Amino acid sequence: MVHSDLRRVLFFLFAVLVINLFSLAVEGNERFIIGDISVESGEMRSGYLPVPAKNGIETRIPVTVVNGSKPGKVLALVAGVHGYEYPPILSLYRLKDKIDPATLSGTLILVHIANLQSFQKRIIYYNPNDWKNLNRVFPGDPDGTISQRVAYVLKQEVVDRCDYLIDMHCGDGNEALIPYTYWMISGNKKLDELSKKMAVAFGIKYIIIDQSRTKDLSESKYLGNTAVLFKKPAITTESGYLGKTDEESIVRNTKGILSVMRLLKMIEGEPDMVAEPVWIDKYEVIYSDEDGLFYPLTEMGYYVKKGEMVGYLTDYLGNVVREFRAPFTGIVLYIIDTPPANKGEPLFEVGSILDK
Ligand SMILES: [Zn+2]
């Protein structure tokens, strides 16, 4: 008796499985739900992810979900973690108009402006309510300050829900920056290979091999790193500079995304892989140790020699108080190109090109 009951139950479960697989094949993709936005297969929907209030401060995150009519990968594209970095933000609105859910395989999550309050107030680096840098507080805290709560929502609703992630940045309002991509190394070979393919497919020739990110899940700091630590292949891209909205930087972002989507077989065609990437195996950000005015002596994309003066700092009375030199020979990936310099904030980043 017991045996035949078991057989009946197994047969029932098998039948349910077959029916489910069959309906998936017929109907296509599954419904995708993020926050209270529910998107059927073959649909596109936009809405907000709420970030709950604490001490009277709340915000929301504008997102679009494009749910393809065919099953496939879930790719998250995040713009505006820094609210003064415009080309990634503008490229995602363009993409929204370009993608047809009827021909898409898988699902796109577009986070239009992750740090809406910083965007609204035109603030570089920080959120104006807690003066924290959103890209240093991941994986976030539901009981923390507003930046920590935004990070928590992004971790729960975006990182956990995607298979792949691109965190899109550029030179902030004060940063002259050449385009480059961070390929973050986790030590997990399979994961790292997938992230590497995404980096090369995105199309920017300068790629940093980044071994420096923390492996501590509770202190993952950066969005891209958080995704990687949760075993989602991810890259962080930089395209755009000085708060501009130049066409070249926007198009570089849009093209890069479409190429990664081809790599992941979400749309037809072959990805546009960088033919000869320039690998950067070491980089250093030089920070200011005082407040004052920064005077750059070189430009983004220029090469500097070890020990060469890259810029200097004056106090508010105009006295030169500090010289900043290149820590090693390499390329200036970005350099501050507006006068304010603050203790603890970056002045420039140098990358060392890997010898082949
Ligand atoms: Zn940024």
Side-chain angles (χ1 to χ4, degrees), residues 59 61-62 76-92 110-128 130-140 146-148 150-151 154-155 158-159 165-184 199 202 204 206-208 210 212-213 220-228 234-246 249-250 252-253 256-257 280 283-288 300 332-338 340 342 344-349 351:
T59 186
I61 306 169
L77 305 164
V78 183
V81 162
H82 294 130
Y84 210 122
E85 298 180 0
Y86 302 135
I89 294 172
L90 297 177
S91 75
L92 289 195
L110 313 180
V111 176
H112 292 295
I113 308 175
N115 200 339
L116 191 57
Q117 293 172 329
S118 135
F119 176 83
Q120 288 168 326
K121 297 291 179 195
R122 305 183 183 90
I123 306 280
I124 64 161
Y125 301 151
Y126 311 110
N127 179 298
D130 61 7
W131 297 102
K132 287 185 193 294
N133 183 335
L134 176 56
N135 212 24
R136 300 292 182 277
V137 299
F138 282 90
I146 189 69
S147 295
Q148 292 169 304
V150 169
L154 289 170
K155 155 70 180 62
V158 180
V159 174
L165 183 141
I166 306 180
D167 184 20
M168 300 165 67
H169 290 254
C170 65
D172 221 316
N174 56 334
E175 294 170 344
L177 174 150
I178 62 162
Y180 61 96
T181 297
Y182 289 98
W183 167 36
M184 293 154 286
F202 197 82
I204 296 176
Y206 292 103
I207 302 176
I208 296 182
D210 191 357
S212 73
R213 309 278 163 142
S220 54
K221 281 193 186 171
Y222 308 88
L223 173 59
N225 188 47
T226 306
V228 168
I235 53 172
T236 299
T237 59
E238 302 273 356
S239 168
Y241 63 107
L242 285 174
K244 292 180 189 296
T245 59
D246 61 299
S249 300
I250 299 169
R252 189 181 295 113
N253 278 297
I257 294 164
I280 293 170
Y283 72 97
E284 191 171 327
V285 176
I286 284 70
Y287 296 89
S288 184
M300 62 177 187
V332 176
L333 294 165
Y334 74 76
I335 185 158
I336 299 308
D337 205 16
T338 59
N342 298 311
E345 286 184 354
L347 294 173
F348 58 92
E349 177 175 343

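For reference, positions follow the sequence shown, starting with 1. Quick caveat: nothing in here was measured; it's all calculated off a predicted structure. Each ligand, and each atom within it, is numbered from 1 in the order the structure gives.
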Q. With no hydrogens and no angle check, do the side chains of Tyr283 and Ser212 hold a donor and an acceptor under 3.5 Å apart?
A. yes
Q: Return yes when at least one N/O/S atom of Cys170 is nearer than 2.8 Å to the Zn ion (ligand 1), and no when none is.
A: no
Q. Near Arg122 CZ, under 6.0 Å, is it more than 12 heavy atoms from other residues, nucleotides or ligands?
A. no
Q: Starting from the Zn ion (ligand 1), look over the N/O/S atoms of His82 and name the nearest one.
A: ND1
Q) Do we get Arg213 above Tyr182's six-membered ring, with its NZ or CZ under 6.0 Å from the centre and within 45° of the axis? A) yes
Q. Does any N, O or S atom in Glu85 come within less than 2.8 Å of the Zn ion (ligand 1)?
A. yes
Q. Do you know which N/O/S atom name in His169 is closest to the Zn ion (ligand 1)?
A. ND1
Q | Option passing side-chain contact (heavy atoms from CB on, under 4.5 Å) with Val111 (candidates Val81, Val158, Leu223) | A | Val158
